[in-house]
There are 2 protein chains.
Amino acid sequence: MPEPLGEFQRRMLEFIVNYIRREGMPPTNREIGKAMKIASTGHVDYHLSMLEKRGYIIREAKKSRGIKLTRHPWGIPVEGTIAAGEPIEIFSEPDQTIEVGHGVDPESSFALIVRGQSMIEDHICDGDYVVIKRQRTCENGDIVVAVHLVEGTPGKATLKRFFLEKEQVRLQPANAELEPIYIPRDEWDREWEIQGKVIAIVRHYGGSGRAA
Amino acid sequence: MPEPLGEFQRRMLEFIVNYIRREGMPPTNREIGKAMKIASTGHVDYHLSMLEKRGYIIREAKKSRGIKLTRHPWGIPVEGTIAAGEPIEIFSEPDQTIEVGHGVDPESSFALIVRGQSMIEDHICDGDYVVIKRQRTCENGDIVVAVHLVEGTPGKATLKRFFLEKEQVRLQPANAELEPIYIPRDEWDREWEIQGKVIAIVRHYGGSGRAA
DNA sequence: TCAAAAGTAGAACGGCTATTCGAGTCAATG
DNA sequence: CATTGACTCGAATAGCCGTTCTACTTTTGA
C-alpha cells in the first residue's frame, strides 16, 4: 500500500514517529525543520505533503501538530514464525505488528509466532506470540532464540531453554517427546548465536489468533 | 499520590484522556473549553493548573497542546486476582494497569491476575494476566468470569470454561484434579452472572511477573 | 541537451494558542 | 458581617503555527 520513500523522507517520518513516542504529541512543522536541519517551514510543509500523498500520515489542515500516523507506532514487528520440533527459518513478514505496551522498547524487541508444541510444557502454545528482547547473552534457564550460523550468516533459528553445562550447551525444548540439542562449547562459540530472550508471551482467543 | 478531584475536574481530565486516545494528540485549551462548555480560555488554564498541581498532568509552558498525562491512558485496569480451585473475591487494586494495545477498548475490558493452577491444562498459569471483555453472554467453550450472586449482589467469582448442557450449566476448570461445577438452569438464571470472557492472556517473564 | 520534476530557501500572512490581568460571583468560615 | 478561597468571565497580548508565494538550484528522464 504505502509507496516507498526516499532516504530523507524516511528519516523525517522516523523522527515524527520517535517524537510522538517520546513526547506523546506530534511535532510542529518548525520542530521537524529544526531536527531535520531544514531552514524553511514551507520546505517542511512540502515534505509533509509528500508523506501524506504517499499514505504515511494524515494531516488536519490548520491544526497545530495536526499530524496523524496511518499506522500507530506502538507495535513491535512480528518478524516471522518459529518452531517447534525442527528449527525453521525466521521469515520476514513486514508490516505485521503486535502491541504490547509502552514498556517494551520497539527498537530492541520483536515478536514471533510460535508454531508447534515444542514449548508446550512451559505453557507456550501453537499460535502464541512470544516477545523477544534482543540480546547476545542470557542466563541459565532463559528461553532464548538461538541461531545456528551457517558460514557466518544466520541459518536456522529455534526457541529453547538455555543451559550452560560443563563442556556443552544444552538447548532444552519443553516437550518430553523432543530431545534436547547438545552443543560442545567450542562449536557453540563458533557456530551459534543468541538472538534474544523471551520476556513475555501474548495469546489471543477467538477471531484471529488460534490457540484454542 | 494523586489528590482526589472534584466532579468537574474529573470530567475534564476524562475528556483529555479520551481526546488523546481518539486523536493521538492532546487537546488545546480552547478545545477543552468548548467540550466543557467553558467560555474563557483563562478559565481552562485555571483548571489545568489545578490538574497539574494535583499531579494528574504535566504542562509544557507555551507549547501548543502542551499537556502530558502522568499516567498513560493505554492501560486497562487490573481489577484483582482470580482463582483457582475455589472461587475467591475479585478485590479492587486501584491504579494498577496493564497495557495490551490500542485494539482493546479500555472502557469495556479489564484484566485479572490468575492465581493457582485451575486453568493449567489450557496453559493459563499462576501469575498470568487474563484480559477480560465485559459481556453478559457467552458461547459454549468460552473461558468466562462467572459470578455467584449472593442476595443480588456480586459474591464470589471464578474463571472457568462455560458449557450449556441440557438441564444445567457446567463450569469446567482445566485441571483434572478439580471437579466441574454443575448448576441447574433455574439456579443459573437466578443466582449467576457472566461478567465477561477471556480474549487474551499476557505473561511476563523475569523481573516483576512470576510464571517461571 | 533540454525541459520537467523534485527539492530548497526566505519571507510574509492570518489565524491559533497559552498565558496574564482585572473584575466579579458564590459558598463556606470565622 | 467580613474574609477567604474557589470558581468564572472577558479581554488583551505576545508569540507560535500552518500555509502560501516567489525565486532558485538540483536531479531526473526523454
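Each chain gets a letter, A, B and so on, in the order its sequence line appears, and its residues count up from 1. Computed from a predicted structure; not experimentally measured. Below, all heavy atoms of this structure are taken into account, side chains as well, without hydrogens, waters or symmetry copies.
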Query raised in the report: Pro77(B) and Pro106(B): which non-hydrogen atoms are nearest, and at how many Å?
Result: CD-O, 4.5 Å
Query raised in the report: Distance-only, no hydrogens or angles: does the Arg161(A) side chain make a donor-acceptor pair with backbone N or O of Gly141(A) under 3.5 Å?
Result: yes
For a quick test of your reading: what N or O donor-acceptor pairs under 3.5 Å do the side chains of residues 33-42 of chain B make, sequence neighbours left out?
residue, atom, partner, partner atom, Å
Ser40(B), OG, Gly42(B), N, 3.1
Ser40(B), OG, His43(B), N, 3.2

Report summary line: First and last nt of DNA chain D near chain A, cut-off under 4.0 Å to heavy atoms, 5' to 3', are dC17(D) to dT20(D)
Query raised in the report: Does the Arg115(B) side chain pair with the main chain of Thr81(B), one donor and one acceptor, at a distance under 3.5 Å?
Result: no
Query raised in the report: What is the distance from CZ of Arg30(A) to P of dA9(C), rounded to the nearest Å?
Result: 15 Å
Report task. Compare every heavy atom of Ile201(B) with every heavy atom of His123(B), then report the nearest pair and how far apart it is. Result -> O-CD1, 4.1 Å
Requested in this report: Select from Ser64(B) and Ser40(B) the residue whose nearest nucleotide in DNA chain C is closer to the 5' end of that strand.
Outcome: Ser64(B)
At a cut-off of 3.5 Å, list every protein nitrogen or oxygen paired with a nitrogen or oxygen from nucleotides 4-7 of chain C, distance to 0.1 Å.
residue, atom, partner, partner atom, Å
dG7(C), OP2, Tyr46(A), OH, 2.5

Report summary line: Here the distance between atom P of dA18(C) and atom CD1 of Ile57(B), to the nearest Å, is 11 Å
**Report entry** 5' precedence on DNA chain D between Lys62(B) and Thr41(B) (nearest-nucleotide basis)
**Finding:** Thr41(B)
Query - Whether Trp192(B) and His148(B) hold their rings parallel, tilted or perpendicular, with breakpoints at 30° and 60° - result: parallel
Report task. Could you tell me which non-hydrogen atom of Thr137(B) sits nearest to which non-hydrogen atom of Ile194(B), and how far apart they are? Result -> O-CG2, 4.3 Å
Query raised in the report: Looking only at side-chain N and O atoms, does Arg59(B) come under 4.0 Å of OP1 or OP2 in dT19(C)?
Result: yes
Requested in this report: Output yes when a side-chain donor or acceptor of Arg59(A) lies under 3.5 Å from a complementary backbone atom of Gly66(A), and no otherwise.
Outcome: no
Query raised in the report: Across the strands shown, which category fits Arg65(A) at heavy-atom distances under 4.0 angstrom: base, sugar-phosphate, nothing?
Result: sugar-phosphate
Query - Gap separating the OG1 atom of Thr97(A) from the CZ atom of Arg71(A), nearest 0.5 angstrom - result: 8.5 Å
Query - Rounded interatomic separation in angstrom, taking CG from Asn29(A) and P from dG15(C) - result: 18 Å
Query - Length of the CD-P vector between Glu31(B) and dT17(C), whole Å - result: 6 Å
